[in-house]
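Here's a structure for you.
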Amino acid sequence: MSTETQRSNPATTVPQHADIVVIGAGFGGMYAHYRFRQLGMSVFGFEQGTDVGGTWYWNRYPGARCDVESVDYCYTFSREVLEEWEWSERYSTQPEILDYARYVADKFDLRRDIKFETKIVSARYDEAANQWTVTTDGGDSITCHYLVTTVGCLSVPKDPDFEGLENFKGEWVQTGAWPKEGVDWAGKNVLVVGTGSSAIQTIPEVAKTAKSLTVFQRTANYTVPAYNGPLPERRRAEIGDDYPGYLEALKQTRSGMNLEMATDKMADEFTPEEQRERMEQAWLMGRWNVQAVFRDTTIKQDVNDMVAGFVHSKIRELVKDPETAEKLIPRGYPLGTKRLCLDTDYYDTFNRPNVGLVDINEEPIVRITETGLQTSEREYPADLIIFAIGFDAMTGPLVNLGIEGRGGRSLKDAWADGPESYLGLAMPGFPNLFTVNGPSSPSVLANMIMTLEQHADWITGCIEYMRDNGYDTIEAREDATHEWAEHSRMVADHTLFPKANSWYMGANVEGKPRMFMAYIGGFDNYTARCNQVAESGFEGFDLSKSKVEQAA
Ligand code: N01
């Protein structure tokens with residue numbers, strides 16, 4: 001629901017220098033600007049899109065919604081924002097979330113120091129001057145003391161590098177870079193490639209008016225009904241009269257969101273009848289309750305098999321054609337280890353006469369033709385092909401910035417064997433660079449807005465501490481970084497997550513090293529660790545006065 005505010009105009013020129021440069025103007029970048037301004041330092045930012053919003057700017061595909069309830073997925077820093085804004089649905093649509101981002105940008109005049117429609121092509125650390133030089137695709141350069149990236153974890157869509165695509169005479173689009181001017185699929189023959197969260201939201205919407213829709217599936221995904229609509233009364237009751245207090249309490253949870261069925265009890269602490277009842281109840285509640293229903297759902301294979309079996313039985317109930325139902329049943333990886341999707345009428349869509357499903361393991365895609373898609377069996381004619389094939393997640397957005405640290409070493413090289421980052425915030429060899437929601441932080445496993453607020457707050461505190469104590473260089477130490485990476489790995493190995501070929505593991509991009517790239521030990525535990533690091537005077541970091549000043 002939009003609220004009347006004054007529009008904040010963007011920057012038109014790039015200054016030569018700023019104390020802090022922020023790359024990205026999604027929810028993380030916006031909040032970073034807000035916080036860093038409070039330090040009284042100069043802040044300047046860049047954003048590729050024409051406006052704020054990040055993920056919610058780019059992902060305009062039909063049916064796009066957040067899979068975290070909007071009352072949880074929102075900024076917590078401003079009481080006024082909490083009072084002024086009201087979400088119209090339980091899971092808001094992309095346009096409403098984008099409206100919210102614009103409203104916040106207007107309210108705090110956040111655009112004035114942001115240059116939009118600008119891509120960063122390089123960011124180089126100059127050791128002698130102890131500063132970064134950031135260069136844009138428009139040929140501008142800016143130097144800064146601190147460089148902060150807020151580029152998102154899922155912002156580089158994978159290229160649809162299918163043979164013959166260049167000859168296709170129809171239209172093709174990507175869910176993660178959906179055209180701003182919109183796409184018309186009514187009355188057309190449409191193909192969708194991919195069955196991840198984006199496809200699962202797109203398919204039911206497109207099916208409503210397409211002449212025909214054929215879905216090409218490589219791996220069936222677990223999805224549960226969202227039961228979208230007005231926020232249920234029971235949830236309103238949970239929030240009560242103290243919304244800020246409710247949100248603060250969420251920060252003390254593992255995921256930063258409210259899952260009613262979340263429990264510390266293991267499956268074997270319930271009787272078989274209770275287990276069944278809990279799973280049925282969780283299914284009706286929607287959300288990730290199905291995963292949260294037992295503490296060990298994503299830890300113990302037998303427990304996971306039981307919950308997965310329950311979901312399989314639901315799929316068989318929902319999909320009328322038994323052969324299609326069997327194809328849609330996810331197999332070969334534990335439930336929840338690829339991100340569980342939330343849907344509206346996904347399975348029911350396959351009961352429509354205009355919708356078909358192709359398992360590309362049985363019938364591989366051979367090439368795109370001028371008029372459609374050729375599999376090993378036949379050609380599927382198409383007016384429109386929608387690629388929902390995912391992202392070069394977590395590291396892609398950072399590596400693409402052309403970051404070079406000490407000695408000209410690129411981040412790409414530093415992460416050639418997989419990303420190691422101290423708390424997901426900083427890397428050895430890259431002084432005064434902070435990465436909001438970087439690899440090895442909870443990021444995609446928790447409520448993203450809460451995690452990026454926590455990061456921007458922590459970075460603000462760190463910069464303030466440095467200024468107050470006369471330091472001007474901070475760099476993550478090798479040993480601390482390695483230790484955190486080992487700890488993150490150990491926690492992930494304690495779960496079933498590494499068993500899936502997921503984007504969490506880097507498995508969806510050819511040649512990418514396999515490792516679990518987010519911190520799975522809980523947002524609450526993670527925040528406590530970050531706070532402890534800050535309180536101890538930033539243990540694990542080297543803080544110093546730069547040679548430049550010492551010589552002066
Ligand atoms: O991407 P994905 P996504 N040929 O990687 C298939 C967030 N998100 O954009 O599994 C054929 O999950 C691939 O198959 P496989 C959320 O965190 C949130 O859907 O690799 N198929 C898979 O089926 C989510 O997890 C929201 O075998 C190919 C699909 O394409 C993340 O974004 C909404 C292929 C890609 O699925 C990513 O979701 C949307 C090929 N060459 C997204 N390459 C909400 O908040 C890939 N695939 C609701």
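Start at 1 and go down the list; that is how both ligands and their atoms are numbered.
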Sub-4.0 Å heavy-atom approach of Gly176 to ligand 1 |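 Judged by the 4.0 Å heavy-atom criterion, Gly176 does not count as contacting ligand 1.
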For side-chain contact (heavy atoms from CB on, under 4.5 Å), just list the numbers for Gln291 and Met261, CA-CA rounded to whole Å, side-chain angles, deciding distance to a tenth of an Å, and then say yes or no.
-> CA-CA 9 Å; Gln291 191 173 320; Met261 302 290 292; over 6 Å; no
Please could you name the atoms of ligand 1 that Ile360 approaches to less than 4.0 Å, counting only its heavy atoms?
->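 Answer, ordered by atom number: 11 (C).
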Output yes when the distance from some N or O of ligand 1 to some N or O of Trp56 is under 3.5 Å, and no in every other case.
->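 Such a contact does not occur with ligand 1.
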Does Val193 have a heavy atom less than 4.0 Å from any atom of ligand 1?
-> yes
Taking only heavy atoms of Arg65, which atoms of ligand 1 are found under 4.0 Å from at least one of them?
-> 44 (C), 45 (O), 48 (C)
Does atom NZ of Lys188 have more than 12 heavy-atom neighbours, drawn from other residues, nucleotides or ligands, at distances under 6.0 Å?
->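 Yes - once you tally the heavy atoms of other residues, nucleotides and ligands closer than 6.0 Å, there are more than 12.
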Which is closest to atom 4 (N) of ligand 1 in terms of heavy atoms, Phe216, Tyr61, Phe162?
-> Phe162
Answer yes or no for Arg331 and Tyr333: cation-pi contact, defined as NZ/CZ to six-membered ring centre under 6.0 Å and angle to ring axis within 45°.
-> no
Within a reach of under 6.0 Å around CD of Glu317, are more than 12 heavy atoms found that belong to other residues, nucleotides or ligands?
-> yes
Pair Tyr73 + Tyr91: ring centers closer than 6.0 Å | no
Provide the number and element of each atom of ligand 1 under 4.0 Å from a heavy atom of Gln201.
-> 33 (C), 48 (C)
Between Val151 and Ile23, which heavy-atom pair has the shortest distance, and what is it?
->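 In this case the closest contact between Val151 and Ile23 is CG1-O, 3.7 Å.
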Pick, from Gly390, Ala388, Gly196, the option with the minimum heavy-atom distance to atom 30 (O) of ligand 1.
-> Ala388
Does the side chain of Lys158 pick up a donor-acceptor pair with the side chain of Gln174 at under 3.5 Å?
-> no
Option set Ser197, Ala199, Cys341, Pro330, criterion heavy-atom distance to atom 8 (N) of ligand 1, minimum = Ser197
Counting from 1, what ligand 1 atoms have a heavy atom of Cys66 closer than 4.0 Å?
-> 45 (O), 48 (C)
Using distance alone, determine whether Arg218 and ligand 1 share an N or O pair under 3.5 Å.
->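 Yes - when backbone and side-chain N and O of Arg218 are compared with those of ligand 1, one distance drops under 3.5 Å.
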For Arg339, the ligand 1 atoms whose distance to one of its heavy atoms is below 4.0 Å | 16 (C), 17 (O), 24 (C), 25 (O)
Looking only at N/O atoms, are Trp503 and ligand 1 under 3.5 Å apart anywhere?
-> yes
What residue and heavy atom of the protein are closest to atom 10 (O) of ligand 1, and at what distance?
->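 Nearest neighbour among protein heavy atoms for atom 10 (O) of ligand 1, to 0.1 Å: Lys338 NZ, 2.7 Å.
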Between Phe350 and Arg352, is there a cation-pi geometry (under 6.0 Å to ring centre, at most 45° from the normal)?
-> no
Between Ser198, Ala393, Gly194, flag the one that comes closest to atom 19 (O) of ligand 1 by a heavy atom.
->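 Nearest heavy atom to atom 19 (O) of ligand 1 lies in Ser198.
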Contacting atoms of ligand 1, where contact means under 4.0 angstrom from a heavy atom of Leu154 | 7 (C), 17 (O), 31 (C), 32 (O)
Of all the heavy-atom pairs spanning Leu425 and Trp458, show the shortest one and how long it is.
-> CD1-CE3, 3.6 Å
So is Thr219 polar-close to ligand 1, meaning N/O to N/O under 3.5 Å?
-> yes
Contacting atoms of ligand 1, where contact means under 4.0 angstrom from a heavy atom of Thr195 = 22 (C), 23 (O), 29 (C)
Evaluate whether atom CG of Asp417 has more than 12 neighbouring non-hydrogen atoms of other residues, nucleotides or ligands under 6.0 angstrom away.
-> no
Could you check whether the rings of His487 and Tyr519 sit parallel, tilted or perpendicular, using 30° and 60° as the cut-offs?
-> tilted
